[in-house]
Amino acid sequence: SAEFWPGGATIRNLQNELASETKIWTQGLAQVQEVTLTNKSSRPRSLRVTSFSDVALHSARAYWAHPAYQKLSIETRRDAGTGALLAERRGHAPGESWPAAFYLTDGAEAGYETSRERFLGKGGYASPDSLTGGSLTGLTGAVIEPAAALQRAVALEPGQTVTVRFVAGLAENGPQALEEALRLKSFGPREWTRARARARREALEEIRASGISLRRHQELEAVRSQLLFPRPRPSGASKTLAELVPGARRDAPAIVYRLGS
């Protein structure tokens, strides 16, 4: 089940006597995934919790126009002090600057991977090779298809609950990304609880200031997300915008209304 609240969302699931609750919210220019696992069985459980993300470091339009090309200039590395994965663009022209990305977990030890090809393999997003018998290789550098994956080992006794967190963020440059990763790495449970409460409070204040209801705001946010970050058209989709609206531009977001009689 999913529950949306101002500033974030909670996803709950129960499978094989293992309960999971994932809270997702933003912390400045970072997204926090807080995963709480509870062992509902009468036996000990050993798990691997993995978080994965593609790396773009470009506008959504430019990235989806040619994802493979946009990734060629991205280089990844791992900071030994924080365990964070960092991604930056190479080959900047004079005066040109690009944001840098970081990916970290609040645990002391984590497996990692920055090659999308090695992580997904032939199984793709539905069944990544590294999660079905493989492992994270720890590859960094000028990989062909950069991505970010972190993996935590979790041991649960019967009835025990454990929380792990993954954080993906942006900064203006590499040094600032590392500085922010170091700051967030120092957070404990209390700091994360305060951060989540602050995100909710700030989102509520923004909604109240807009003068619209919470439900209407959620509906508008769903529309806005599709305009700002349109997903690529899947194979087998019914019709394109150009087919629905003759003469429509293919490179601009649009909303199509179907009016009843």
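What you see below is based on every heavy atom in this structure, not just the backbone, and it leaves out hydrogens, waters and symmetry mates.
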Exercise for the section: For residues W5 and T10, determine if any side-chain heavy atom of one lies less than 4.5 Å from a side-chain heavy atom of the other. Expected result: yes
Electrostatic pair R116:E145 at N-O distance under 4.0 angstrom = yes
ask   = Does Y103 reach the side chain of T76, with side-chain heavy atoms less than 4.5 Å apart?
value = no
Would you indicate whether R216, at its atom CZ, is surrounded by more than 12 heavy atoms from other residues, nucleotides or ligands within a distance under 6.0 Å? no
Value for CZ (F166) from CG (D106), rounded to nearest 0.5 Å, stands at 8.0 Å
Any carboxylate oxygen within less than 4.0 angstrom of a Lys/Arg side-chain nitrogen, looking at E34 and R196? yes
Taken to the nearest 0.5 Å, the spacing of S135 OG from R48 CZ works out to 7.5 Å
Practice item. Check whether any side-chain heavy atom of R165 sits under 4.5 Å from a side-chain heavy atom of V35, and report yes or no. Key: no
Hits for ring-ring contact (aromatic ring centres under 6.0 Å, His included) against Y112, two or more places apart or cross-chain, chain-then-number order -> none
How about W98 and H58: do any of their side-chain heavy atoms sit closer than 4.5 Å?
-> yes
The reported gap from CD in Q15 to CG in N13 (rounded to nearest 0.5 angstrom) is 4.5 Å
When rounded to the nearest 0.5 Å, the distance separating CD1 of I207 from CZ of R215 is 14.5 Å
Heavy atoms of A56 and R89 approach each other most closely as O-NH2, 3.4 Å
Going through the distances and angles, do L156 and L37 end up as a side-chain contact (heavy atoms from CB on, under 4.5 Å)?
CA-CA 8 Å; L156 288 170; L37 302 169; 4.1 Å; yes
* Asked: Within the side chain of K23, is there an N or O that forms a donor-acceptor pair under 3.5 Å with the backbone of V32?
  -> no
- [ ] Say whether, by atom type as modelled, one donor and one acceptor occur between the side chain of E191 and the main chain of G188 under 3.5 angstrom.
- [x] yes
Value for CG (L136) from CZ (F119), rounded to nearest 0.5 Å, stands at 6.5 Å
Got a sec: does the CD of E172 have more than 12 other heavy atoms crowding it under 6.0 Å? no
Fill in: Donor-acceptor pair between E21 and T36 side chains, under 3.5 angstrom
no
Quiz item: Out of curiosity, does L150 fall in the hydrophobic cluster containing F52 (side-chain heavy atoms, cut-off under 4.5 Å, transitive links)?
Solution: no
In terms of hydrophobic clustering (I, L, V, M, F, W, Y; side-chain heavy atoms under 4.5 Å; direct or indirect links), are L170 and F102 co-clustered? no
message = Is it the case that atom CD in E206 sees more than 12 heavy atoms from other parts of the structure closer than 6.0 Å?
response = no
Discussion item. Between R183 and E180, does any NZ, NE, NH1 or NH2 come within less than 4.0 Å of an OD or OE carboxylate oxygen?
Written reply: yes
- Item | Polar side chain donor-acceptor pair, T105 to R152, under 3.5 angstrom | yes
| Is the closest side-chain heavy-atom distance between D54 and Y125 below 4.5 Å? | yes
Closest heavy-atom pair, S127 versus T132, reported as atoms and distance to 0.1 Å, is OG-CG2, 3.3 Å
Discussion item. In this structure, would I74 and L104 fall into the same cluster of hydrophobic residues linked by side-chain contacts under 4.5 Å?
Written reply: no
Minimal heavy-atom distance between L57 and A87, with the atoms involved, is CD1-O, 3.6 Å
**OP:** Can you establish whether the number of heavy atoms outside E3 located under 6.0 Å from its atom CD is more than 12?
**Re:** yes
Practice problem: Check the hydrophobic clustering (I, L, V, M, F, W, Y; side-chain heavy atoms under 4.5 Å; chains of links allowed) and say if V49 and I24 are grouped together. | Solution: no
- Message: How about CD1 on I144, more than 12 heavy atoms from neighbouring residues, nucleotides or ligands closer than 6.0 Å, or not?
- Response: no
Check: Under 4.0 Å between a Lys/Arg side-chain N and an Asp/Glu carboxylate O for R45 and E17?
Finding: no
Here the gap from L120 atom CG to S130 atom OG, rounded to the nearest 0.5 Å, amounts to 7.0 Å
Check: If you measure only the distance, is there a donor-acceptor pair under 3.5 Å linking the side chains of T50 and Q151?
Finding: yes
Check your understanding: Under 3.5 Å, side chain of S41 to main-chain N/O of R43, donor-acceptor pair present?
Key -> yes
(request) Using atom types as modelled and distance alone, determine if a side-chain donor or acceptor of N39 lies under 3.5 Å from a backbone N or O of E157. (result) yes
Worksheet item: Are R78 and T140 linked by a side-chain donor-acceptor pair shorter than 3.5 Å?
Response: no
For the residue pair Q31 and V167, establish whether any side-chain heavy-atom pair is separated by less than 4.5 Å. no
For W25 and G7 the tightest heavy-atom approach is CB-O, 3.5 Å
- May I ask whether L18 and V154 are part of the same hydrophobic cluster, defined by side-chain heavy atoms of I, L, V, M, F, W, Y residues being less than 4.5 angstrom apart, directly or through others? yes
Here the pair of heavy atoms bringing Q160 nearest to A155 is OE1-O, 3.8 Å
Tightest non-hydrogen contact, residues G159 and T38, listed as O-CG2, 4.4 Å
